[in-house]
Amino acid sequence: MPELPEVETVRRQLLPLLRGQRIRKMALTAPGLLKNCEPAFFESALQGQTIVNLHRRGKYLIWECRDLFPVFHLGMSGIFLKDRARSLYPQHIHMSLELENGGEVFYQDFRRFGKIWLYREWPQIANLGIDPIEETPDLADFAGLLARKKQNVKLFLMDQSQIAGIGNIYASEILFEAAISPERNTASLDPAETARLYRYMLEVLNAAIERFGTTYSAYQTVSGESGENQNFLKVYQRNGQPCVRCGAIIEKSTLGNRSTFFCPDCQL
DNA sequence: TCTGACCTGCGA
DNA sequence: TCGCAGGTCAGA
């Protein structure tokens, strides 16, 4: 379940492999992943292109080539690998890339929730809110976002049109650190709570990036390693275990059709 | 605003 | 064998 820290880890690890390299061959074997062109066009258009840079906005990974911009959303289980032998699901490798320097990169996605687009110009991704790491808002801007729409605070954090990049794992962890119940409405947060939410949104995301993301289910880094952040989760998937802050038992509930994990005693 | 569909691996 | 996991989007 790649969220912002996982996609940023992928971007940082792919960058030295791809930047400045020319694509010798691109092969795509799952046509359903492609959303705005045909596989044959995708493959031929990218052949011979030089990759200039890699960018990330929210959970989207944007490859900047000389004349084209392939865009990847990793969905629930998409990963990039530099070594096919490290794949846990080689039957689900759906894209292979050969570079002129002999390097290779593979895209694996066993659930096939990932999506790929090809644009001729810098892609304008519709309805994408502020990226909290790339375009960090100041506290006043963040408070303005919160005030703009009265909604559940966890759904606000996960609303990609408001804050781009946070998914279910980090929303639960941010709310725990901020000691705010996932049941709260954004309109009910006082200035101190808003400041805590802002502070821990940045701290939780940055810490997860430093730890190469959270490996839960299929996520692997580009080199095939696990992330490390799963060892630091305080509520996600910890229902039934004691809260590290107050000792109460972590609970699990459903909110917006998603599992939500929280401490009933110290998240108010 | 909410629900179901997409998809497959995994654990009960 | 079945339910769950979850990001996104279409449709109700």
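Only heavy atoms go into these numbers, but all of them, side chains included; no hydrogens, no water, no symmetry mates. In what follows, chains carry the letters A, B, and so on, assigned in the order in which the sequence lines appear, proteins first and then strands, with residues in each chain numbered from 1.
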For the pair A:D109 (side chain) and A:H94 (backbone), establish whether a donor and an acceptor sit closer than 3.5 Å, ignoring hydrogens and angles.
-> no
Please enumerate all protein N or O atoms sitting under 3.5 Å from an N or O of nucleotides 10-12 of chain B, with distances to 0.1 Å.
unit_1: B:dC10; atom_1: OP1; unit_2: A:Y89; atom_2: OH; d: 3.0

Decide if atom CG of A:N127 counts as having more than 12 heavy atoms of other residues, nucleotides or ligands within a radius under 6.0 Å.
-> no
Look at all strands and tell whether A:S259 reaches a base, only sugar-phosphate, or nothing, counting heavy atoms closer than 4.0 Å.
-> sugar-phosphate
Separation of atom CD in A:Q237 from atom C1' in C:dA5, rounded to whole Å | 8 Å
Side chain of A:R258, base of C:dA5: donor and acceptor closer than 3.5 Å?
-> no
Whole-Å distance between C:dG3 C1' and A:K252 NZ?
-> 11 Å
A:D109 CG - C:dA5 P separation (whole Å) = 20 Å
Is NZ or CZ of A:R184 both nearer than 6.0 Å to the six-membered ring centre of A:F156 and within 45° of the ring axis?
-> no
Ring of A:F113 versus six-membered ring of C:dT8: centres under 5.5 Å and planes under 30°?
-> no
Would you indicate which nucleotide in C:dG6, C:dT8, B:dG4 comes nearest to any side-chain atom of A:Y236?
-> C:dG6
Can a salt bridge be assigned to the pair A:E177 and A:R199 using a cut-off of 4.0 Å between side-chain N and carboxylate O?
-> no
Could you check how far CG of A:N257 sits from P of B:dG4, rounded to whole Å?
-> 7 Å
Would you indicate which nucleotide in C:dG7, B:dT3, C:dC4 comes nearest to any side-chain atom of A:K59?
-> C:dG7
A:N168 side chain, from C-beta outward: closest of C:dG6, C:dT8, B:dG9 = C:dG6
Residue pair A:W117/A:R111 against DNA chain C: nearer the 5' end by closest nucleotide is A:R111
CD of A:E3 versus P of C:dT8: gap in Å, rounded?
-> 9 Å
Test item: side-chain donor near acceptor, A:E6 and A:Y170, under 3.5 Å = yes
A:E43: what forms a salt bridge (charged side-chain N to carboxylate O under 4.0 Å, His left out) with it, not counting sequence neighbours?
-> none
A:M158 atom CE is separated from B:dT1 atom P, nearest whole Å, by 16 Å
For A:M76 and C:dC4, give me the distance from atom CE to atom P, rounded to whole Å.
-> 15 Å
So do A:P5 and A:T214 actually touch side chain to side chain, heavy atoms under 4.5 Å?
-> no
Among C:dC9, C:dG7, B:dT1, the nucleotide that comes nearest once only the side chain of A:Y60 is considered = C:dC9
So, A:R84 and A:E104, do they make that salt bridge, N to O below 4.0 Å?
-> no
Any idea which of B:dT1, C:dG7, C:dA5 is nearest the A:K149 side chain?
-> B:dT1
note: A:Q108, atom CD; B:dC7, atom P; distance rounded to Å ~ 17 Å
N or O in side chain of A:H92 less than 4.0 angstrom from B:dC7 OP1/OP2 = no
Phosphate oxygens OP1/OP2 of C:dT8: is one of them under 4.0 Å from a side-chain N or O of A:H73?
-> yes
